[in-house]
There are 2 protein chains.
Amino acid sequence: MATRWLDDEEQATWRSFIAVVELLPGVLDTQMRHESGLTHFDYLVLAMLSEDPQRTLRMTALAGWTNATLPRLSHVVRRLEGRGLVERFPCPEDARATNARLTDRGWDTLVAAAPGHVETVRGQVFDALTPEQVGQLAGIAQAILGRISPGGRPLSPGAGPVSPGQRGTAEAVTTGPAPA
Amino acid sequence: MATRWLDDEEQATWRSFIAVVELLPGVLDTQMRHESGLTHFDYLVLAMLSEDPQRTLRMTALAGWTNATLPRLSHVVRRLEGRGLVERFPCPEDARATNARLTDRGWDTLVAAAPGHVETVRGQVFDALTPEQVGQLAGIAQAILGRISPGGRPLSPGAGPVSPGQRGTAEAVTTGPAPA
DNA sequence: ACCCTTCAGTTGACGCTACAACATTCGCCC
DNA sequence: GGGCGAATGTTGTAGCGTCAACTGAAGGGT
């Protein structure tokens, strides 16, 4: 079957899009590293843990929320544990599994890093878009995600069956509101 | 000044978008490596060179077209040269500069790799989008690029002052039509 | 009870990228 | 025409991610 090449509009779109995809991680990483000594991925790991009421997740679950492979996560968590931001302990219910928990120090680091991160996200992405484009981007990202990520999960770890009052100081710190 | 956190819609959009940004490079890389033994970035380098009438570009220009830092490009081109896909020679007009030229073997490799790449781009991205969304994505990507890339250049190396007849077999092979 | 498959996670080796230091050349100004 | 800052690349190092191999435990069938 003959290759269906991209037409001019698709071609132009692809070039811009791929440029964003290649450059954005670097931008986020650089800001994060300079202001907080973390990788953007480190930040993601801490943020996902922070959204769980117990600040604890199993490695596989954490890998899912952060869109990472298990080996990658394992290496990162080991390094984070070495810095005292996270601690690991075997899961009581399944001896195969490992739980990762955010330490107080990890929490503080995350809270300190969040404002700078949000500012970057706003400044480099959302401020460049109209409200209408934000809605469009959501739809586009979801659509692509449906293809490249089999069991796409756009939700958050804390979004499960958790009574609202339980959140308390454990409120999420991704790019949302910080705790009081 | 108080941090302006992301509202719910922005938050949800960001999560999906960042997931795409983190996952897409891996998808492109994996396909490329399995089918052609190239990195996606390798492919980009070869493709950009292929669009020049002389199949030759200066390192700095090539770095610009591929959105790469100069050190990164230097390493990649050295490896590509070792595989005989590219050759380097000093620029006659400026003794500081280095020219990179696509070899015949590099051209063949690129042409062989292009169909699989385009199929992946179609299958994983464009097939998931409506024609309307493609237009939206172009605008969004351009807008973000304007922020994260100072001197954003969405054009191609061959788009300069070149008489059409000059292209011949040197027609571009990025995600567009291949040579006859 | 036993085996076999699958699941959960870790580890080690290799490759690629960012960062910083360096060498060389150009352009300019006086 | 000599010196100085900027531009063009290259190289070395360190850090991170991927891949494949491995350990150990759970689940299921017979």
Side-chain angles (χ1 to χ4, degrees), chain A residues 21-34 36-45 56-83 86-101 151, chain B residues 21-34 36-45 56-83 86-101 148 150-151:
Chain A
V21 165
E22 296 280 341
L23 292 174
L24 193 52
V27 171
L28 298 175
D29 248 21
T30 301
Q31 179 272 330
M32 212 51 196
R33 205 181 294 256
H34 280 211
S36 308
L38 295 171
T39 307
H40 175 241
F41 183 73
D42 290 339
Y43 179 87
L44 259 180
V45 169
T56 302
L57 288 173
R58 277 154 72 141
M59 293 296 282
T60 301
L62 189 50
W65 300 123
T66 55
N67 301 301
T69 61
L70 216 32
R72 177 183 183 185
L73 182 65
S74 186
H75 282 143
V76 169
V77 169
R78 176 174 45 72
R79 292 188 285 256
L80 289 175
E81 189 174 31
R83 298 169 60 180
V86 157
E87 54 190 2
R88 279 186 293 188
F89 59 96
C91 176
E93 295 134 356
D94 187 337
R96 293 174 299 179
T98 303
N99 279 331
R101 178 165 45 210
Chain B
V21 165
E22 296 280 342
L23 292 173
L24 193 51
V27 170
L28 298 174
D29 247 22
T30 300
Q31 179 273 331
M32 212 51 194
R33 203 179 302 249
H34 280 213
S36 309
L38 294 172
T39 307
H40 176 241
F41 182 73
D42 290 339
Y43 179 87
L44 259 179
V45 168
T56 301
L57 288 173
R58 276 153 72 142
M59 293 295 282
T60 301
L62 190 50
W65 300 121
T66 55
N67 300 301
T69 60
L70 215 32
R72 177 184 183 184
L73 182 65
S74 185
H75 282 138
V76 169
V77 169
R78 176 174 44 72
R79 292 188 285 255
L80 289 176
E81 189 173 30
R83 298 169 60 181
V86 157
E87 54 190 2
R88 279 185 294 187
F89 59 97
C91 176
E93 296 135 354
D94 186 338
R96 293 173 299 178
T98 303
N99 280 331
R101 177 164 48 212
I148 65 180

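Atoms considered below: every heavy atom in the structure, side chains included; atoms not considered: hydrogens, waters and symmetry mates. In what follows, every chain begins at residue 1, and chains take the letters A, B, ... in the order their sequences are listed.
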*asked:* Rounded at 0.5 Å granularity, tell me how far OG1 in B/T39 sits from CG in B/L44.
replied: 10.5 Å
*Find which nucleotide of DNA chain D each of A/D42 and B/C91 is nearest to by heavy atoms, and output the residue with the more 5' nucleotide.*
B/C91
_Between C/dG15 (P) and B/L38 (CG): distance, integer Å_ = 16 Å
*Starting at CG of A/L28 and ending at P of C/dA18, how long is that distance when rounded to a whole Å?*
14 Å
_Between D/dT10 (C1') and B/L62 (CG): distance, integer Å_ = 15 Å
*For D/dT10, does OP1 or OP2 lie under 4.0 Å from any side-chain N or O of B/T98?*
yes
Set out, line by line, the N/O atom pairs under 3.5 Å between protein and nucleotides 21-25 of chain D.
none

*Taking only the side-chain heavy atoms of B/T69 (C-beta and beyond), determine which of D/dT10, C/dA8, C/dA18 contains the nearest atom.*
C/dA18
*Residue A/R33, side-chain atoms from C-beta onward, closest of D/dC16, C/dA18, D/dT10*: D/dC16
*Whole Å only: how far is the CE atom of B/M32 from the P atom of C/dC16?*
14 Å
*May I have the distance from A/D29 (atom CG) to C/dA18 (atom C1'), rounded to whole angstrom?*
10 Å
_Closest non-hydrogen atom pair, A/N99 against A/P92_ = ND2-CD, 4.0 Å
*Among all residues two or more places apart in sequence or in another chain, which pass the side chain to side chain donor-acceptor pair (under 3.5 Å) test with A/S36?*
none
*Hey, which of these two, A/H34 or A/M59, hits DNA chain C nearer its 5' end, going by closest nucleotide?*
A/M59
*Which residues pass the side chain to side chain donor-acceptor pair (under 3.5 Å) test with B/R33, sequence neighbours left out?*
none
*Which atom pair, heavy atoms only, marks the closest approach of A/R58 to A/C91?*
NH1-SG, 3.8 Å
*asked:* Tell me which pairs pass salt bridge (charged side-chain N to carboxylate O under 4.0 Å, His left out) where either residue lies in residues 59-83 of chain B, with sequence neighbours left out.
replied: B/E81-B/R88
Please tabulate, one pair per line, all N/O donor-acceptor pairs under 3.5 Å involving side-chain atoms of residues 23-30 of chain B, not counting sequence neighbours.
{"residue": "B/D29", "atom": "OD1", "partner": "B/H40", "partner atom": "N", "Å": "2.9"}
{"residue": "B/T30", "atom": "OG1", "partner": "B/G26", "partner atom": "O", "Å": "2.8"}

_Nearest-0.5 Å distance, NE2 of residue A/H75 to CG of residue A/L80_ = 13.0 Å
*Quick one, which residues of residues 72-83 of chain B touch DNA chain C with a heavy atom under 4.0 Å?*
B/R72, B/H75, B/V76, B/R79
_Could you tell me how far apart A/L70 (CG) and C/dT6 (P) are, to the nearest whole angstrom?_
18 Å
*Shortest non-hydrogen contact from B/A63 to B/L73?*
N-CD2, 3.4 Å
*How many Å lie between CZ on A/F41 and P on D/dC16, as a whole number?*
12 Å
*Taking atom P of D/dT8 as reference, at what distance in whole Å does atom CG of B/N99 sit?*
13 Å
